[in-house]
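Note that these values count all heavy atoms, side chains included, but never hydrogens, waters or copies made by symmetry.
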Amino acid sequence: MKSMQQNKRQGTRSTNKQAFCQGLRHGLPIGLGYFAVSFSLGIAARNAGLNALQGLLASLLNNASAGEYAGFTVIAAGAAYWEIVLITIVANARYLLMSASLSQKLAPGTPFYHRLLLGYDVTDEIFAISVARPGYLNPFYTYGAMAASMPCWAAGTTLGVIMGNLLPLRVVSALSVALYGMFLAVIVPPARKDKVIAAFIGIGFVSSFLCEVLPYIREISSGTRTILLTVLLSAAAAVFFPINASAKGEAADEP
């Protein structure tokens, strides 16, 4: 009986090891992409006044490009702590839904600490490869992907801060534009497919500009303005242009 239990434990360890190694291989290309993107985030962190250690910790504790950029933006604007926390929560709200979806892939009886660890680093790409696994998800597969991608993300941010301190100001300003290119790559494809999204992106641009010039409103800190615009525009889109179930199904079937 004891030998059977030992064999079972050894078999479980072997399965977990294989899943971890496979996740490591699949996470490496993601990590390389993260390194390039987070370098630009490091430039933004440097412009917000963060040093290399602070940039490293920011990326280790919050592995999210939009969330970090929003945080760095309001930090640079001298926002209050509550504004930084709130804008980060709003920018990362989609990960709540991803985590809930990913939890349905876990086998019944999966220990709670696995759910906490998986929820720590649910990014768009890691979620995609994890939720696409056939059958129940072995948490060690996701851990492998995390082990490959998280260090690249943190290292890229740190290097961006360091290079931002070493490079001439003109070069730093040029590199800062790369982050806007990343966001254009995020918003342009869905805007081309959906006129509603394109319209709300345009409304967002115009609203942001008006908030900068209108009396009284421009007196509000830029961090608070960003939070209000994000919540109001997303709520308006959800109320007036909801996505029906059939549209969601079609979107899920797309590669």
Side-chain angles (χ1 to χ4, degrees), residues 34 36-99 119-124 150 153-154 156-165 169 172-187 200-238:
Y34 281 176
V37 172
S38 61
F39 183 87
S40 298
L41 275 175
I43 298 293
R46 181 262 184 191
N47 293 337
L50 276 67
N51 58 37
L53 177 60
Q54 291 168 336
L56 172 67
L57 292 176
S59 283
L60 282 177
L61 298 176
N62 183 28
N63 192 351
S65 58
E68 282 188 62
Y69 179 71
F72 294 153
T73 300
V74 293
I75 289 173
Y81 289 130
W82 72 268
E83 291 179 330
I84 298 172
V85 172
L86 185 56
I87 190 61
T88 304
I89 291 174
V90 171
N92 293 337
R94 70 184 186 279
Y95 296 125
L96 296 173
L97 301 177
M98 291 185 186
S99 298
Y120 170 69
D121 195 41
V122 178
T123 66
D124 298 345
M150 287 177 59
W153 184 264
T157 304
T158 306
L159 184 61
V161 175
I162 294 173
M163 296 304 294
N165 290 327
L169 182 60
V172 173
S173 299
L175 289 173
S176 299
V177 178
L179 196 61
Y180 295 101
M182 179 193 73
F183 279 101
L184 288 175
V186 171
I187 65 176
F200 271 90
I201 290 173
I203 293 172
F205 288 156
V206 174
S207 301
S208 182
F209 171 75
L210 291 176
C211 287
E212 290 281 350
V213 298
L214 290 177
Y216 303 110
I217 297 179
R218 65 186 178 189
E219 304 299 327
I220 304 173
S221 69
S222 61
T224 302
R225 292 200 304 266
T226 302
I227 294 170
L228 292 175
L229 284 177
T230 302
V231 173
L232 290 175
L233 291 179
S234 60

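Across every non-hydrogen atom of S207 and L229, the tightest pair is CB-CD2, 3.7 Å. The heavy-atom pair separating A64 from N92 by the smallest distance is CB-OD1, 3.4 Å. In terms of heavy-atom proximity, I162 sits nearest to A52 at CG1-CB, 3.9 Å. Considering every non-hydrogen atom in both S38 and G156, the closest pair reads OG-CA, 3.2 Å. Closest approach of V122 and Y95 over heavy atoms only: O-CD2, 2.9 Å. The minimum heavy-atom distance linking D124 with M98 is given by the pair OD1-CE, 3.0 Å.
Atom CG of L61 and atom CG of L56 lie 9.0 Å apart (nearest 0.5 Å). In this structure, L41 CG and T158 OG1 are separated by 11.5 Å, a value rounded to the nearest 0.5 Å.
In this structure, the side chain of S59 does not engage the main chain of A154 through any donor-acceptor pair within 3.5 Å. In terms of modelled atom types and a separation under 3.5 Å, the side chain of T88 and the main chain of I84 share a donor-acceptor contact. Q54 places a side-chain N or O within donor-acceptor distance of the main-chain N or O of N51, the cut-off being under 3.5 Å.
Side chains of F72 and N47 form no contact here, defined as non-hydrogen atoms less than 4.5 Å apart. Looking at heavy atoms from C-beta onward, I87 lies out of side-chain contact with T73 at the 4.5 angstrom threshold.
For the side-chain hydrogen bond (donor to acceptor under 3.5 Å, both in side chains) criterion with Y34, the lone passing option out of N63, T123, T157 is T123.
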